[in-house]
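Here the structure is laid out as structure tokens; the discussion comes afterwards.
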Protein chains: 2
Amino acid sequence: MATMNDVAKLAGVSVSTVSYALTGVRPVTPETRARIHAAMDELGYQPNAIARSLASRRTHIIALLFPGIELGLSGTALEFVTSAAETAREEGYHLMLWPIGDDEVGETRNLIHQQLADGVLVMEVRLDDPRVDLLRESQTPFTLIGRTADAAGLDYADIDFDTTVRDALDHLIGLGHERIAFVSHSKASLDAGYGPTVRAGEAFERHMTERGLPVVARHCDESADAGRAVVSELWHAHPDITALITMNDAATFGAMAQLADDGRQVPRDVSVLSIASSPRVAALSHPRLTTMAAPGTELGRSGVRSLIERIEGSQSATLHELVPCRLDIQATTSPRTKE
Amino acid sequence: MATMNDVAKLAGVSVSTVSYALTGVRPVTPETRARIHAAMDELGYQPNAIARSLASRRTHIIALLFPGIELGLSGTALEFVTSAAETAREEGYHLMLWPIGDDEVGETRNLIHQQLADGVLVMEVRLDDPRVDLLRESQTPFTLIGRTADAAGLDYADIDFDTTVRDALDHLIGLGHERIAFVSHSKASLDAGYGPTVRAGEAFERHMTERGLPVVARHCDESADAGRAVVSELWHAHPDITALITMNDAATFGAMAQLADDGRQVPRDVSVLSIASSPRVAALSHPRLTTMAAPGTELGRSGVRSLIERIEGSQSATLHELVPCRLDIQATTSPRTKE
DNA sequence: TTGTACGCGTTATCAT
DNA sequence: ATGATAACGCGTACAA
């Protein structure tokens, strides 16, 4: 591999001039610049990223912290990661994966102290997340995808669950529905302080209450069978339900199956609206699911951009971005049928 | 951040001794080792990864090359990436994402020459993949997930499509089926030389022919609607079909829906077997899909392990690993009903 | 067993 | 506008 030294010799200049010709930090005569670039081309020179990082104290690497156990958002996750990686590359950064289980948060500390990453992106943030304190202490720039209970001073990009739930209700209520049940993620995720579960649940309760409608909500494990069971129980307890909001892909499919088995037609008898889900997953359903798609791509993009701004110090305000899910009306919601 | 120098001073030894105490390359007296570790703890010392890389000429970084446009294997992809990242970490390596479109293969060259990665993992390999030549020239260790047409001297881990298709047929034929159709990925993916499409197609044709059964195969775009259309066309052309092998998740769901709409019951009238698909996706189907699950986790693990061995030079033989998909019998396959 | 000193390939601070 | 040269933090021959 050719080094800067080789280039300098071939071009008849000093290494520093080569460096400056490359970075543009200091003016260089067009002629010498040309000679240098010619030499680079001839040698097939590419600057050594590691050496550059050591000298400049900047690696241009962003670490993505994600727990091994995924709480059901597998669909959106890939979309998010891809988007984050692409954005990073556009901005001249690399995205590095740090799959760290909930039980080994301590490892995070070590990784950070290795100073391999200029900044950290935190996925699957919980209301009270120990990783945040860690990052705070370590002085490493970081951005949350999701947010803690008190995220006042922190950069974050998250789904706007309040608006999402409100829009979901607007859609259903606009169709004449009043008895609306909510099927969320597992109780375990709630207890773990998993943001989506907590915030969507709260939003549902508040918005229903404000409208004077009864709050019927259930937690559900991430499986089709659990979805079936919840539907059975729900209609047993509340036979007058005409619409379902779900936030749990596996359960949604189970629910649809159970409704079919029970002879309830979707959407004639029951409307189903799946929120914070992946469009790719929704497209698998028959009839095709009306959804509110999680903005994985947007979150990845702005999370990375904000983090880079913070790293490079060109940022004034903290990022507090809340993106609602986008309503995509398909075949599982329709006007309520009067009996 | 504390450096090795700080540790050395505090422990009253030279930096080299600290280094040797850390790497164990040279013996160090227990006492001095203890003093050094005490100093490290006191200072919260962690070796600087970049400096270490520059000196040792080894970054402990593995790059994962994946095209932006995913040819439908989104389900398995996340599983694979997660597994790769976890395995890398277990082995003391980092996984870095390089999302590079098919149209910008040249970029790959630059990235490699930056010498940020010790080795490269190549995803979504095609029969004739330009990236392979690039990597070969650049002398960078690399392992393919998938394989080119002639992968004789290359390390690869891939799905064993031949065995997978044979097992699929054994299952269906064992149930009495003879008129079996195959619904594959898009024609575009075939033309692009996408490995799974090519190899599974060939395997289907060969195994059916060997058994004296008619070869009925279709390409299908990655969408539910395309799956529906193919089913309609298939039964129009071959009304006697009793079983379907699919390798296209979106199309599989569309096919199931169309079969239902046409009044064909699964599995009573038609058995459906989805191959090389993700169990998580399969679980969404109703009735639950019998599948042959893609070994994403295994491929990620052995791909990374093999690559690391090659990087560290402790490998003798080249990796030629072919893992068949595992049959998971659920509710969409059953004995053929005699009319 | 331990210390000294050089090298890794750049960036950045001095000069000139 | 350009050239020396000292960092950057660590690995590792070589010497002691």
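As the structure is a computational prediction, the values presented were derived from the model and not from experiment.
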Exercise. Could you check whether the rings of B/His320 and B/Tyr156 sit parallel, tilted or perpendicular, using 30° and 60° as the cut-offs?
Key: parallel
Quiz item: Side chains of B/Thr148 and B/Asp129: is there a donor and an acceptor less than 3.5 Å apart?
Solution: no
Quiz item: Hey, does the side-chain of B/Tyr20 have a donor or acceptor N/O within less than 3.5 Å of a partner on the base of C/dT4?
Solution: no
Quiz item: With sugar-phosphate meaning primed atoms plus P, OP1 and OP2, does B/Thr32 contact a base, only sugar-phosphate, or nothing at under 4.0 Å between heavy atoms?
Solution: sugar-phosphate
Quiz prompt | A/Arg33 CZ to D/dT2 C1', straight-line distance once rounded to whole Å | solution = 13 Å
Quiz item: Can you find a side chain N or O atom of B/Tyr45 that sits less than 4.0 Å from OP1 or OP2 on D/dG9?
Solution: no
Quiz item: Under 4.0 Å between a Lys/Arg side-chain N and an Asp/Glu carboxylate O for A/Glu107 and B/Arg89?
Solution: yes
Exercise. Return the nearest nucleotide to the side chain of A/Met4; candidates are C/dT10, D/dG3, D/dC10.
Key: C/dT10
Practice problem: Return yes when atom CG of A/Asp150 has more than 12 non-hydrogen atoms of other residues, nucleotides or ligands closer than 6.0 Å, and no otherwise. | Solution: no
Quiz prompt | base_contact_polar (C/dT2 base, B/Arg26 side chain, donor-acceptor, <3.5 Å) | solution = yes
Exercise. Kindly point out which of C/dG7, C/dT2, C/dA12 is positioned nearest to the side chain of B/Thr17?
Key: C/dT2
Quiz prompt | A/Ser56 or B/Thr23, whichever maps to the more 5' nucleotide of DNA chain D | solution = A/Ser56
Self-check item: Protein-nucleotide distance (B/Ile36, atom CD1; C/dT1, atom P), rounded to Å
Solution: 13 Å
Quiz item: Just checking A/Thr29: base, sugar-phosphate only, or nothing, at a heavy-atom cut-off of under 4.0 Å?
Solution: sugar-phosphate
Quiz item: A/Val25 near the nucleic acid: base, sugar-phosphate alone, or nothing, with a heavy-atom cut-off under 4.0 Å?
Solution: nothing
Quiz item: Which nucleotide, D/dG11, D/dA4, C/dG9, lies nearest any side-chain atom of B/Ala55?
Solution: D/dG11
Self-check item: Integer-rounded Å distance: C/dG9 P and B/Gln114 CD
Solution: 15 Å
Quiz prompt | Spacing between A/Leu54 atom CG and D/dC10 atom P, to the nearest angstrom | solution = 9 Å
Practice problem: Using only side-chain N and O atoms of B/Arg52, determine if any of them is under 4.0 Å from OP1 or OP2 of D/dG9. | Solution: no
Self-check item: Sugar-phosphate only, base, or nothing, as touched by B/Val18 at under 4.0 Å among non-hydrogen atoms
Solution: nothing
Practice problem: Please work out if A/Thr3 contacts a base, only the sugar-phosphate, or nothing of the nucleic acid, heavy-atom cut-off 4.0 Å. | Solution: sugar-phosphate
Exercise. Starting from the 5' end of DNA chain C, give me the residue, B/Val28 or B/Val15, whose nearest nucleotide shows up first.
Key: B/Val28
Exercise. Would you please test B/Leu97 and A/Leu97 for side chain to side chain contact (heavy atoms under 4.5 Å, CB included) and show each step?
Key: CA-CA 8 Å; B/Leu97 263 31; A/Leu97 263 29; 3.6 Å; yes
Quiz item: Taking atom types as they are modelled, is there a donor-acceptor pair under 3.5 Å from the base of C/dT4 to the side chain of B/Ser16?
Solution: yes
Self-check item: Nearest-angstrom distance from the residue atom CG of B/Leu116 to P of C/dT10
Solution: 13 Å
Exercise. Let me know the distance between NE2 of B/His60 and C1' of D/dC10, rounded to the nearest Å.
Key: 13 Å
Practice problem: Dump the intermediate steps for side chain to side chain contact (heavy atoms under 4.5 Å, CB included) on A/His94 and B/Leu111, then the final yes or no. | Solution: CA-CA 10 Å; A/His94 299 273; B/Leu111 286 172; 3.6 Å; yes
Quiz item: What's the CE-C1' distance between A/Met1 and C/dG7, to the nearest Å?
Solution: 19 Å
Quiz item: Does A/Arg57 have a side-chain nitrogen or oxygen under 4.0 Å from the phosphate oxygens OP1 or OP2 of D/dG9?
Solution: yes
Quiz item: Whole-Å distance between D/dG11 P and B/Arg58 CZ?
Solution: 14 Å
